[in-house]
Enquirer: 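Below is a structure I'd like to ask you about.
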Amino acid sequence: MNISEIKDLMSQFDSSSLREFSYNNNGEALVFSKNESAAAVPAAAAVEAAVPAAAVSVPAPQPQTAAEVSASLADQPAVTAAEGDIVESPLVGVAYLAPAPDKPAFVSVGDQVKKGQTLLIIEAMKVMNEVPAPKDGTVTEILVANEEVVEFGKGLVRIK
């Protein structure tokens with residue numbers, strides 16, 4: 001796939017109402033997403049990986065000494081991964097974190113949940129499906145944005 005075809009796909013995706021688009025063909029992979037979440041960074045990396053190196057005009061990185069690299073790494077805050085089990089999406093649909101736009105979210109990070117408590121709802125074919133907590137625990141991370149399109153098996157919430 002050449003850069004003009006990729007640009008054409010990007011233009012069509014941008015003007016469409018789609019929230020996510022992925023394309024795989026013979027080892028080439030493109031992923032476009034309009035969703036705002038932490039998962040958008042790996043998707044952008046996948047798009048860049050699919051573009052031939054000659055087609056991408058990226059400024060050459062400036063060489064750094066080992067001391068500069070270690071100093072810049074020391075300045076960055078430590079990133080700790082959230083702990084707990086991931087609750088996965090049981091179906092494909094649109095995730096809603098609250099029962100209505102003017103209502104508070106079902107759960108937020110730090111909330112204690114009981115087994116069976118509704119974590120969020122997924123709309124599929126005009127049917128609202130509640131996603132219950134599989135166990136008692138504490139919500140350590142919410143992995144989806146409100147109104148994000150989710151696929152079967154996508155991580156929704158992490159419970160410790």
Side-chain angles (χ1 to χ4, degrees), residues 1-52 55-56 58 76-160:
M1 178 172 268
N2 65 37
I3 193 69
S4 64
E5 292 173 322
I6 294 171
K7 286 181 179 180
D8 184 46
L9 278 174
M10 289 172 59
S11 174
Q12 290 178 16
F13 174 74
D14 191 38
S15 63
S16 75
S17 63
L18 293 174
R19 301 295 302 159
E20 291 186 70
F21 172 79
S22 63
Y23 169 82
N24 293 311
N25 185 23
N26 297 331
E28 292 181 328
L30 290 175
V31 179
F32 302 132
S33 176
K34 294 179 186 175
N35 298 325
E36 295 179 23
S37 70
V41 174
V47 171
E48 291 177 5
V51 178
V56 178
V58 178
Q76 295 177 355
V79 177
T80 57
E83 296 178 356
D85 298 326
I86 294 178
V87 177
E88 296 179 345
S89 176
L91 66 158
V92 175
V94 179
Y96 293 100
L97 302 178
D102 59 337
K103 302 287 184 189
F106 287 109
V107 295
S108 57
V109 175
D111 285 356
Q112 295 290 324
V113 294
K114 298 286 184 192
K115 182 177 181 177
Q117 179 180 340
T118 302
L119 300 173
L120 54 96
I121 53 177
I122 298 178
E123 177 188 8
M125 298 179 64
K126 306 286 184 192
V127 176
M128 299 298 182
N129 301 281
E130 294 182 352
V131 177
K135 65 178 187 174
D136 293 353
T138 304
V139 176
T140 58
E141 188 176 14
I142 298 176
L143 303 168
V144 294
N146 192 42
E147 299 182 8
E148 179 178 336
V149 176
V150 296
E151 295 182 17
F152 175 80
K154 177 173 175 38
L156 302 171
V157 177
R158 189 180 305 263
I159 298 177
K160 179 178 176 185

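Side-chain atoms are counted along with the backbone in the values below, which use heavy atoms only and exclude waters and symmetry mates. Counting begins at 1 with the first residue of the sequence.
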Enquirer: If I compare all heavy atoms of E151 with all of S89, which pair ends up nearest, and what's the gap?
Expert: O-CB, 3.3 Å
Enquirer: List in chain and number order the residues that pass salt bridge (Lys or Arg N to Asp or Glu O under 4.0 Å) with K135, two or more places apart in sequence or in another chain; answer none if no residue qualifies.
Expert: D85
Enquirer: Atom CG of L120 and atom CD of E148: how far apart are they, to the nearest 0.5 Å?
Expert: 10.5 Å
Enquirer: With E130, which residues qualify under side-chain hydrogen bond (donor to acceptor under 3.5 Å, both in side chains), at least two apart?
Expert: T118
Enquirer: Please table the atom pairs, donor to acceptor, closer than 3.5 Å between any side-chain atom in residues 95-111 and protein atoms at least two apart or in another chain.
Expert:
{"unit_1": "Y96", "atom_1": "OH", "unit_2": "E123", "atom_2": "OE1", "d": "3.0"}
{"unit_1": "S108", "atom_1": "OG", "unit_2": "D111", "atom_2": "OD1", "d": "3.3"}
{"unit_1": "S108", "atom_1": "OG", "unit_2": "D111", "atom_2": "OD2", "d": "3.2"}
{"unit_1": "D111", "atom_1": "OD2", "unit_2": "S108", "atom_2": "N", "d": "2.8"}

Enquirer: Looking at Q117, I want to see if its CD is surrounded by more than 12 non-hydrogen atoms of other residues, nucleotides or ligands under 6.0 Å.
Expert: yes
Enquirer: Could you tell me if the side chain of I121 sits less than 4.5 Å from the side chain of V131, heavy atoms only?
Expert: no
Enquirer: If we only count heavy atoms from C-beta on, is the L156 to V150 side-chain gap below 4.5 Å?
Expert: yes
Enquirer: Just jot down the side chain to side chain contact (heavy atoms under 4.5 Å, CB included) partners of P132, sequence neighbours excluded, or say none.
Expert: none
Enquirer: Does S15 have any side-chain hydrogen bond (donor to acceptor under 3.5 Å, both in side chains) partners at least two apart in sequence or in another chain, and if so, which?
Expert: none
Enquirer: Could you pull out all residues at least two apart from Q12 that satisfy side-chain hydrogen bond (donor to acceptor under 3.5 Å, both in side chains)?
Expert: D8
Enquirer: Determine whether D136 and V113 make a side-chain contact, defined as any pair of heavy atoms from C-beta on separated by less than 4.5 Å.
Expert: no
Enquirer: Looking at side-chain heavy atoms only, is the closest gap between P134 and I159 below 4.5 Å?
Expert: yes
Enquirer: Over all heavy atoms of both residues, which pair between V144 and G155 is shortest? Give the atoms and the distance, please.
Expert: CG1-O, 3.6 Å
Enquirer: Could you give me the CA-CA distance, side-chain angles and deciding distance for V157 and I86, then say whether side chain to side chain contact (heavy atoms under 4.5 Å, CB included) is met?
Expert: CA-CA 6 Å; V157 177; I86 294 178; over 6 Å; no
Enquirer: For the residue pair L119 and V87, establish whether any side-chain heavy-atom pair is separated by less than 4.5 Å.
Expert: yes
